[in-house]
Engineer: 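Here you go, one structure.
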Amino acid sequence: MKQRDIIIALPKGRILEQALPILKKANIFPEKSFFNKNDRKLKFDTNIPNIKIIIVRSFDVATFLIYGAAHLAIIGSDVLEEFSHSEIYSPIDLKIGQCRLVVATTEEILCDEDPLTWSYVRVATKYPNLTSGHFKKRGVHADCIKLNGAMELAPSMGLCRRIVDLSESGKTLRANGLIEIEEIMKVSTRLAVNRSSYKTNFEQINNILKRFEKI
């Protein structure tokens, strides 16, 4: 009987570049057109006939995975926590894309207020669930403004007084006149699986997981 295609979702951007050596170690090689930056394709064959790769935006990776359109995915733990969906199982830490999710503001604003006295904050972030949950634990109500990029501009443009964003070295924050106040979580990239797909395609998916476990 012909095996069903197994779809692995990869995120666009920085993590994609770091994920390629991981795939190579797992002996999964995308077709040549995958490496052509002028190619508009988003779905690719691999050296394994029944394994296909799709490339989508990082937050869309979780959506494809939750609804079973992708069976496996390489996905950041930040995105996993933001969605926090029971349909996603993430058994393997790939130890790439390591950074931190932090709260940041300008030094001027910080000199004018004490974070320990906050009862209400307005925050620009693409992680409204994580952000509101973090502040709720501190007894602070967070009004989250959803932005998908250019987060560092928000305080200087008067949109809000603080942001929640990823930081690897802190250089981008400093370059935009921001300083870190606190860390919400450490972030790494994981191999995740759709639970329902794992049950119905156990042998195929388990074989793929074993490839990554040996890395």
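Counting from 1, the numbers follow the sequence of the chain as shown. Source: prediction; values computed, not measured.
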Engineer: Do K199 and F202 have side-chain heavy atoms sitting under 4.5 Å apart?
Structural biologist: no

Engineer: If you look at every heavy atom in N47 and F29, which pair is closest and at what distance?
Structural biologist: OD1-N, 2.6 Å

Engineer: Which pairs with one or both residues in residues 202-215 pass salt bridge (charged side-chain N to carboxylate O under 4.0 Å, His left out), sequence neighbours excluded?
Structural biologist: none

Engineer: Can you name the nearest heavy-atom pair linking P115 to I181, along with the distance?
Structural biologist: CG-CG2, 4.0 Å

Engineer: Name all residues meeting the side chain to side chain donor-acceptor pair (under 3.5 Å) criterion together with D93; count only those two or more places apart in sequence or in a different chain, and write none if there are none.
Structural biologist: S188

Engineer: Return a table of donor-acceptor pairs under 3.5 angstrom between the side chains of residues 9-26 and protein atoms on other chains or two or more places apart.
Structural biologist:
| unit_1 | atom_1 | unit_2 | atom_2 | d |
| --- | --- | --- | --- | --- |
| Q18 | OE1 | G97 | N | 2.8 |

Engineer: Can you check whether I96's main-chain N or O pairs, donor with acceptor, with T189's side chain at less than 3.5 Å?
Structural biologist: yes

Engineer: Could you check whether any side-chain heavy atom of F34 comes within less than 4.5 Å of a side-chain heavy atom of D45, counting everything from C-beta outward?
Structural biologist: no

Engineer: Applying side chain to side chain donor-acceptor pair (under 3.5 Å), can you list everything that pairs with D165, at least two apart in sequence or on another chain?
Structural biologist: none

Engineer: Should V103 and I184 count as side-chain neighbours, where that means a heavy-atom distance under 4.5 Å?
Structural biologist: yes

Engineer: Please list all pairs passing the salt bridge (charged side-chain N to carboxylate O under 4.0 Å, His left out) test where one or both residues lie in residues 127-142, with sequence neighbours left out.
Structural biologist: R138-E182

Engineer: According to the salt bridge (charged side-chain N to carboxylate O under 4.0 Å, His left out) rule, which pairs have a member within residues 111-133, sequence neighbours left out?
Structural biologist: D112-R161, E113-R161, E113-R162, R122-D143

Engineer: Specify the closest pair of heavy atoms between N27 and I48, including all atoms of both residues, with the distance to one decimal.
Structural biologist: O-CD1, 3.9 Å

Engineer: So which heavy atom on T46 is nearest to which on I51, and how close?
Structural biologist: OG1-O, 2.8 Å

Engineer: Mind checking whether L72 and Y198 have side chains closer than 4.5 Å, heavy atoms only?
Structural biologist: no

Engineer: List the steps and the verdict of side-chain contact (heavy atoms from CB on, under 4.5 Å) for L130 and V164.
Structural biologist: CA-CA 9 Å; L130 269 171; V164 167; over 6 Å; no

Engineer: If every non-hydrogen atom of L153 is compared with every non-hydrogen atom of S156, which pair is closest and at what distance?
Structural biologist: O-OG, 3.0 Å

Engineer: For residues I205 and I6, determine if any side-chain heavy atom of one lies less than 4.5 Å from a side-chain heavy atom of the other.
Structural biologist: yes

Engineer: For residues 61-82, which residue pairs qualify under side chain to side chain donor-acceptor pair (under 3.5 Å), counting only residues two or more places apart or in two chains?
Structural biologist: D78-Y127, E82-N129

Engineer: Between N201 (side chain) and S197 (backbone), is there a donor-acceptor pair under 3.5 Å?
Structural biologist: yes

Engineer: Would you check if L166 and L101 make a side-chain contact, meaning some heavy-atom pair closer than 4.5 Å?
Structural biologist: yes

Engineer: Between E107 and I179, is there a donor-acceptor pair closer than 3.5 Å when you use the side chain of the first and the backbone of the second?
Structural biologist: no

Engineer: May I ask you to decide if the ring planes of H141 and Y120 are parallel, tilted or perpendicular, using 30° and 60° as cut-offs?
Structural biologist: parallel

Engineer: For P91, which residues count as a side-chain contact (heavy atoms from CB on, under 4.5 Å) partner, sequence neighbours excluded?
Structural biologist: Y89, V193, L209

Engineer: Check side-chain contact (heavy atoms from CB on, under 4.5 Å) between E87 and all other residues, then give those that pass, not counting sequence neighbours.
Structural biologist: H85, N194, R195, S196

Engineer: Distance alone, cut at 3.5 Å: any donor-acceptor contact between the side chains of T106 and E108?
Structural biologist: no

Engineer: V61 vs V79, test: side-chain contact (heavy atoms from CB on, under 4.5 Å). Steps then yes/no.
Structural biologist: CA-CA 9 Å; V61 170; V79 179; 6.0 Å; no

Engineer: Going through the checks in order, is the side-chain contact (heavy atoms from CB on, under 4.5 Å) test met by V102 and S167?
Structural biologist: CA-CA 7 Å; V102 302; S167 177; 4.0 Å; yes

Engineer: Look only at the side chain of K52 and the backbone of P49, and say whether a donor-acceptor pair between them is shorter than 3.5 Å.
Structural biologist: yes

Engineer: Short question: side chain of T125, backbone of P128 - any donor-acceptor pair under 3.5 Å?
Structural biologist: no

Engineer: I would like to know whether E31 and K43 meet salt bridge (charged side-chain N to carboxylate O under 4.0 Å, His left out); could you show each step before the answer?
Structural biologist: CA-CA 10 Å; E31 64 180 74; K43 184 178 180 181; over 6 Å; no

Engineer: Heavy atoms only: give me the nearest I92-F212 pair and the separation to one decimal.
Structural biologist: CD1-CB, 3.9 Å

Engineer: Quick one: list whatever passes side chain to side chain donor-acceptor pair (under 3.5 Å) with T200, sequence neighbours left out.
Structural biologist: none

Engineer: Would you say the side-chain atoms of N176 pair up with the backbone N or O of T172, donor to acceptor, closer than 3.5 Å?
Structural biologist: yes

Engineer: Restricting to side-chain contact (heavy atoms from CB on, under 4.5 Å), what partner residues turn up for K171, sequence neighbours left out?
Structural biologist: S169, R174

Engineer: Residues in salt bridge (Lys or Arg N to Asp or Glu O under 4.0 Å) with E180, at least two apart?
Structural biologist: R100

Engineer: When hydrophobic residues are tied together by side-chain contacts of less than 4.5 Å, even through go-betweens, does I7 share a cluster with I208?
Structural biologist: no

Engineer: Does F44 reach the side chain of I55, with side-chain heavy atoms less than 4.5 Å apart?
Structural biologist: yes

